[in-house]
S.K.: 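Below you will find the structure I want to go over with you.
For this chain, numbers begin at 1 and follow the sequence in order. Note that ligands are numbered from 1 as they come in the structure, with each ligand's atoms numbered from 1 the same way.
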Amino acid sequence: GRTFFVGGNWKCNGTREEVKKIVSTLNAGEVPSQDVVEVVVSPPYVFLSLVKGLLRPEFHIAAQNCWVKKGGAFTGEVSAEMLVNLGIPWVILGHSERRLILNESNDACICPLIPYIFSFQFVGDKVVYALSQGLKVIACVGETLEQRESGSTMEVVAAQTKAIAERVSNWANVVLAYEPVWAIGTGKVATPAQAQEPNTERDCKEGIFVDLVEINYIEGQVACYVTQPIEKLGTLGSVQVYLDIGLSHLSLEKGGDMPSHVVHFELRKWLQANTSPEVAATTRIIYGGSVSGANCKELAAQPDVDGFLVGGASLKPEFIDIIKSAE
Ligand code: 13P
């Protein structure tokens, strides 16, 4: 079993007073036990010690980033060793905000100052170095809207995962976070009814039908995906129609749009093929992007969604509701 994982990424937010308030709300929250849900909050560096001193012990703490190698003359950076020294067990690496705004990439990067010492593949090397120092890593991947619309979602996400996977041998301390960039902070969460795995003719014949939400994806040229039993659709009238459309578009290879949870399913398949069946079966793949108290339960019900990385809502009391969606 994969223990449900809920991470709260506070990003670059908060004052000391606000941080204390968030922590006291978390401390007072009634949540499932640690064998049901693992909770990790990620304050900005400057508040790590404060939060560590106040937070209930069954909740853990992650830094939002760390330096790629051993510390030294790197002004402004914080090393993995320092986090370990402070007793911080987790670190988030490869977040899309760092990839896109701070230019962290999968590509090899040669340090212009001291090229003979530093040549690294940023995100992958960070993951490896942090793991080597004993940190646990929340490694983030995810496509932009442009990439999604051009049909390269899986290609992008697989390349990002590969950059990590080809350097990591022990996956026990890695959580993979799929965070589509278009869903972060936009309110455009993956619709709860979106699919877990590609539809098949067999599924349709056995009476699992696509949901009305999916009609956009279908019309937009792609696949139909199994979503939920027809009973749940109530009186929505056109089931038969889009089922038919769906059956003629069954291939994921056709490109175009792809519901987020299909990505979870595909990512696990990718792990199976490129790491090992055991890693694929045990690694938690969590979802991030506009997760809220209102949408978390249905998202959590998807078999390949093993938890969340929550941004905005992790600063609010509804984070407790999101933690509870593990049950
Ligand atoms: P939001 O939940 O605010 O969309 O942010 C998601 C995220 O980036 C978590 O790392």
S.K.: Any N/O of T186 closer than 3.5 Å to an N/O of ligand 1?
M.R.: no
S.K.: For A183, state whether at least one heavy atom is located under 4.0 Å from any atom of ligand 1.
M.R.: yes
S.K.: Would you say E266 and Y178 are linked by a side-chain donor-acceptor pair, where the criterion is simply a distance under 3.5 Å?
M.R.: no
S.K.: Quick check on the 6.0 Å ring-centre criterion: do F308 and F5 meet it?
M.R.: no
S.K.: Please list, in number order, the atoms of ligand 1 under 4.0 Å from a heavy atom of E179.
M.R.: 6 (C), 7 (C), 8 (O), 9 (C), 10 (O)
S.K.: Do S276 and E278 have a side chain donor and acceptor closer than 3.5 Å?
M.R.: no
S.K.: Does G185, backbone or side chain, put an N or O under 3.5 Å from an N or O of ligand 1?
M.R.: yes
S.K.: What's the separation between atom OG in S96 and atom CD in E179, rounded to the nearest 0.5 Å?
M.R.: 6.0 Å
S.K.: Need the ligand 1 atom indices (1-based, order shown) with element for anything under 4.0 Å from a heavy-atom of G289.
M.R.: 4 (O), 6 (C)
S.K.: For H95 and E104, does a side-chain donor sit closer than 3.5 Å to a side-chain acceptor?
M.R.: no
S.K.: Without swapping roles, check the side chain of E143 against the backbone of V156 for a donor-acceptor pair under 3.5 Å.
M.R.: no
S.K.: Checking the N or O distance criterion of under 3.5 Å, is ligand 1 in contact with A313?
M.R.: no
S.K.: Out of all atoms in ligand 1, which are within 4.0 Å of some heavy atom of G312? Include the element for each.
M.R.: 1 (P), 2 (O), 3 (O)
S.K.: Show the atoms of ligand 1 that are less than 4.0 angstrom away from any heavy atom in H95.
M.R.: 7 (C), 8 (O), 9 (C), 10 (O)
S.K.: Starting from atom 5 (O) of ligand 1, which protein heavy atom do you reach first, and at what distance in Å?
M.R.: K11 NZ, 3.2 Å
S.K.: Using a heavy-atom cut-off of under 4.0 Å, does the side chain or the backbone of N9 touch ligand 1, or both, or neither?
M.R.: side chain
